[in-house]
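Working notes, beginning with the structure itself.
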Amino acid sequence: EADSSVEVLSAPALRGWQFYINAANNPHLADVKVRQAMNHAVDQQAIIDVVFQGNAEFNRGMISLGHAGWAEVETFYEFDPDRAVALMAEAGWTPGDGGKLTDADGNVFKVRMDMSTGGVYVADDGIGEAVAGYFEAIGIEVERVQGDRGTFFGTVLAAEASGVLQVTGIPLFIAFQDGATWLSLTYGKSSQPGESGGCCNLSFYENPAAAALIDDAVAESDIDERLR
């Protein structure tokens, strides 16, 4: 951009970065206040400005920008580290030695974070390190589990992933599909690693009521009805 002889072109893409929190593999993550704190701890706009150098957009909803069914969401987690620390305290975790969050018995709050690195995706290592750093800034101890494409996907797609994954960062690219398909791939039980064809429900989320709505949307052929 600094070179006047070069014209830099940019266009929106369908890839969206998400971090999945799997409460089943870490009892500390089962507390909703803890998960809320982790969301408030991350400065998403700073990641866009620094890691992506401004070449990304902040998506507040669950459906990726550019997909049919996307809608503006007014309520979202603002970057508020003080609020994050307060929520952790409400959940029973307060700063101990070295600022690390500990409970009344002296146990340190620790999470495993699986991330791709080394250029598997655009800025993957930078995003992962940034999020881990924000968690550490409020006192969470982060065990980084990084790997190249083969190692990373070998972990997250294995049947054993259901007993391993805690926090997983991955950018999903679902082209030429709509929001119903996106939700099915990221929150459907059949999309959990270990299931036949499973890949992207890395939080191992299960909700029968939500699943029924998603299944109905996926099966609906009328586009207007799918978007309702």
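- A distance of 7.5 Å separates CG in N39 from CD in Q44, rounded to the nearest 0.5 Å.
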Check step by step if side chain to side chain contact (heavy atoms under 4.5 Å, CB included) holds for I127 and I47. CA-CA 7 Å; I127 296 169; I47 292 175; 4.3 Å; yes

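- A 4.5 Å side-chain heavy-atom check between E141 and F109 finds every atom pair outside the cut-off.
- Smallest separation of non-hydrogen atoms from A23 and A30: CB-CA, 3.7 Å.
- Checked by atom type and distance alone, the side chain of N201 pairs as donor or acceptor with a backbone atom of G188 at under 3.5 Å.
- Residues L29 and V111 have side chains in contact (heavy-atom distance under 4.5 Å, counting atoms from C-beta outward).
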Show, in sequence, the C-alpha distance, side-chain angles and deciding distance for V108 and L101, and conclude whether the side chain to side chain contact (heavy atoms under 4.5 Å, CB included) test is met. CA-CA 6 Å; V108 174; L101 294 172; over 6 Å; no

Begin from the C-alpha positions of F152 and T168 and carry the test side chain to side chain contact (heavy atoms under 4.5 Å, CB included) through to its verdict. CA-CA 10 Å; F152 175 72; T168 311; 4.1 Å; yes

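- The nearest pair of heavy atoms linking L185 to C200 is O-CB, 3.0 Å.
- Checked against L202 for a side-chain contact (heavy atoms from CB on, under 4.5 Å), the options N22, I21, V156 give a single hit: V156.
- For E143, the CD atom is densely surrounded, since the number of other residues' heavy atoms within 6.0 Å is greater than 12.
- Relative orientation of the W93 and H28 rings is perpendicular, given thresholds of 30° and 60° on the angle between their planes.
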Apply side chain to side chain contact (heavy atoms under 4.5 Å, CB included) to residues I140 and M38 and explain how you reach the verdict. CA-CA 9 Å; I140 295 175; M38 294 170 76; 3.9 Å; yes

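- With hydrophobic clusters built from ILVMFWY side chains whose heavy atoms lie under 4.5 angstrom apart, F52 shares a cluster with V42.
- Taking the ring centroids of F79 and Y134, they lie under the 6.0 Å cut-off.
- The two residues A158 and P193 have their closest heavy-atom pair at O-CB, 3.8 Å.
- Residues L183 and I214 are in side-chain contact: their nearest non-hydrogen atoms beyond the backbone lie under 4.5 Å apart.
- Counting only heavy atoms from C-beta outward, the side chains of M88 and V34 approach each other to under 4.5 Å.
- Closest approach of G133 to R144, counting heavy atoms only: N-NH2, 4.2 Å.
- No side-chain heavy atom of E136 sits under 4.5 Å from any side-chain heavy atom of K100.
- E129 and Q146 share a side-chain donor-acceptor pair at under 3.5 Å.
- Between F135 and M113 there is a side-chain heavy-atom pair separated by less than 4.5 Å.
- To the nearest 0.5 Å, the span separating NE2 on H40 from CZ on R83 amounts to 6.0 Å.
- Counting only residues at least two apart or on different chains, no salt bridge (charged side-chain N to carboxylate O under 4.0 Å, His left out) pair has a member in residues 35-51.
- The number of heavy atoms from other shown groups lying within 6.0 Å of CG (D3) is above 12.
- With rounding to the nearest 0.5 Å, the separation of CD in Q36 from CG in D31 is 8.5 Å.
- A donor-acceptor contact under 3.5 angstrom links the side chains of N26 and Q166, judged on distance only.
- Cluster partners of F58, using a side-chain heavy-atom cutoff of under 4.5 Å among ILVMFWY residues and allowing indirect links, are I48, F76.
- Side-chain atoms of S116 never come within 3.5 Å of backbone atoms of G147 as a donor-acceptor pair (strictly under, hydrogens ignored).
- Checking side-chain atoms of E78 against main-chain N and O of D80 turns up no donor-acceptor pair under 3.5 Å.
- Of all the heavy atoms in M115 and G128, the pair that sits closest is SD-CA, 3.1 Å.
- Looking at heavy atoms from C-beta onward, E7 lies in side-chain contact with L9 at the 4.5 angstrom threshold.
- Once rounded to the nearest 0.5 Å, the distance linking OH of Y187 with OH of Y205 reads 8.5 Å.
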